[in-house]
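Labels below follow one simple rule: chain letters A, B, ... track the order of the sequence lines, proteins then strands, and each chain is numbered from 1.
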There are 2 protein chains.
Amino acid sequence: MDNAARVTTLAGEPCDMSNWDAGNCPVRDVMNQIAGKWSTLILELLAQRPYRFGELRRLVPDISQRMLTQTLRDLQRDGYIDRQVFPTKPPSVEYSMTELGHSLFEPLSKVLAWAGDNHAAVKAARVKFDASELG
Amino acid sequence: MDNAARVTTLAGEPCDMSNWDAGNCPVRDVMNQIAGKWSTLILELLAQRPYRFGELRRLVPDISQRMLTQTLRDLQRDGYIDRQVFPTKPPSVEYSMTELGHSLFEPLSKVLAWAGDNHAAVKAARVKFDASELG
DNA sequence: AGTGCTAGTCTCTTTTTGAGACCAACAACC
DNA sequence: GGTTGTTGGTCTCAAAAAGAGACTAGCACT
C-alpha cells in the first residue's frame, strides 16, 4: 500500500518489494551466494584454471577446511563449478569452472578490477570516516 | 616456498597469497564490504536516487533496523554513500550515493543484471544438485 | 612400524545476525 | 492536556554462522 512498493531495478527487471524474499528476488537469490566471504576468492582462482582441494587450501591460507568445503559445495550447487573425483591413491578431487561460472565471472571480474583500481580511495575514505568519528 | 605462492589476478594486480590478509589484498578488502547480505540491495536502491532511513527500511521489509543502520554505516565508511541530517522535527536523515559509489555500481550493476538474466539457470542447477544428493 | 598424503567430517568456541523492546523530541488529534 | 504517531536510531538477548583444531580411512613411501 506504499506508493513506492514497486521499484524497477537497474537490471531492468521489476522487483516486487512487498514480496521480497530470498527466493523471489533474483538479485538476492544469486548474490547471497556470490557474496560469501570466500566465494569471490575461489571463483577468481578457478577462473584461471582447475585446482584441487589441497591446492585451494594452500592458496587461501586463512580459510578453514570446513569453510572451503562448504564454499565449494555451495558454488557447485549453484552450477558455477564442477567437482570431479579421480580414483588415484589417495583419491584426488579437482574443481573447475563451468560455462555458467565463466559467464558470471565475466561481469564479476570487472568488479574485482574496480576493487584493485580503487582500493586506495576506499582506504582513504575509511581513514577520513574514522577520524571524524573520534571528534 | 610453494611454487604457486604468487598468483596474478584477473584484475591485473599481482596478489601475494603468502601474505594474504583482508587489509593487504584489494579484492578481499573491498569485496568483504560489498559482499554483505544487504549491501548490494542498498546500493541498488541508492543508485537510483537518495532515500531516507525509514524509506529504505520499508523498501527492504525483512532487514532489521540494526542491520540497516550497520550496513549504511559500513557503506558510508568505505565512501560509497553520503549521510546527511536535516534538522526537521523529528530530524530526518538522507542517504545518497557518492561518485565513488556510482563508479563502483557501474560494474556491479552488470553482475546484478547477470543475476536477473541467469536466475533460472542457477535455480535449475540447484534442483539438479539436490536431486543427485538424494540418490 | 612409523610417517605422510588425500579430502573431508565432527565438535567446540567465538563472532555475526536477527527479533524486538526501548529512547527523546516534537506534531497532530481529540 | 493527554494520547498517539513519527523520526532514526541503540540495547539486550537468542539464534545462526563461522573459525580452530582434532579426528578419520586407505594407501605409499621409508
Among A/L112, A/D117, A/N118, find the residue that satisfies the side chain to side chain contact (heavy atoms under 4.5 Å, CB included) test when tested with A/W114.
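Going through A/L112, A/D117, A/N118 one by one, the side chain to side chain contact (heavy atoms under 4.5 Å, CB included) with A/W114 is satisfied by A/N118 alone.
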Between B/Y51 and B/R49, is there a cation-pi geometry (under 6.0 Å to ring centre, at most 45° from the normal)?
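Judged by the rule (NZ or CZ under 6.0 Å from the ring centre, within 45° of its axis), B/R49 counts as positioned above B/Y51.
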From the set [options], return the single nucleotide nearest to any side-chain atom of [X].
| X | options | value |
| --- | --- | --- |
| B/V93 | D/dG19, D/dG9, C/dG18 | D/dG9 |
| B/T69 | D/dG9, D/dG26, D/dT7 | D/dG9 |
| B/Q70 | C/dA25, C/dA19, C/dT17 | C/dT17 |
| B/W38 | D/dG9, C/dG18, C/dA27 | C/dG18 |
| A/P90 | C/dT6, D/dA28, D/dG8 | C/dT6 |

Find out whether B/L46 and B/H102 are in side-chain contact, i.e. whether some heavy atom of one side chain is under 4.5 Å from a heavy atom of the other.
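No; the side chains remain at least 4.5 Å from each other.
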Could you tell me whether the side chain of A/I34 reaches within less than 4.5 Å of the side chain of A/D78, counting heavy atoms only?
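Contact flag for A/D78/A/I34 side chains = no.
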Rounded to whole Å, please give me the gap between [atom1] in [X] and [atom2] in [N].
| X | N | atom1 | atom2 | answer |
| --- | --- | --- | --- | --- |
| B/R66 | D/dC13 | CZ | P | 14 Å |
| B/M67 | C/dG20 | CE | C1' | 16 Å |
| B/R73 | C/dT17 | CZ | C1' | 15 Å |
| B/I63 | C/dT17 | CD1 | P | 11 Å |
| A/F86 | D/dC27 | CZ | P | 20 Å |
| B/Q65 | D/dT7 | CD | P | 10 Å |
| A/R52 | C/dT6 | CZ | P | 6 Å |
| A/N32 | D/dA18 | CG | P | 11 Å |

Identify whether the distance between the nearest side-chain nitrogen and carboxylate oxygen of B/R28 and A/D62 falls below 4.0 Å.
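Answer for the salt bridge query: yes.
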Within less than 4.0 Å of OP1 or OP2 of C/dA7, is there a side-chain N or O belonging to A/Y51?
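No, outside the criterion.
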Comparing B/P91 and A/K37 on DNA chain D - which has the more 5′ nearest nucleotide
B/P91
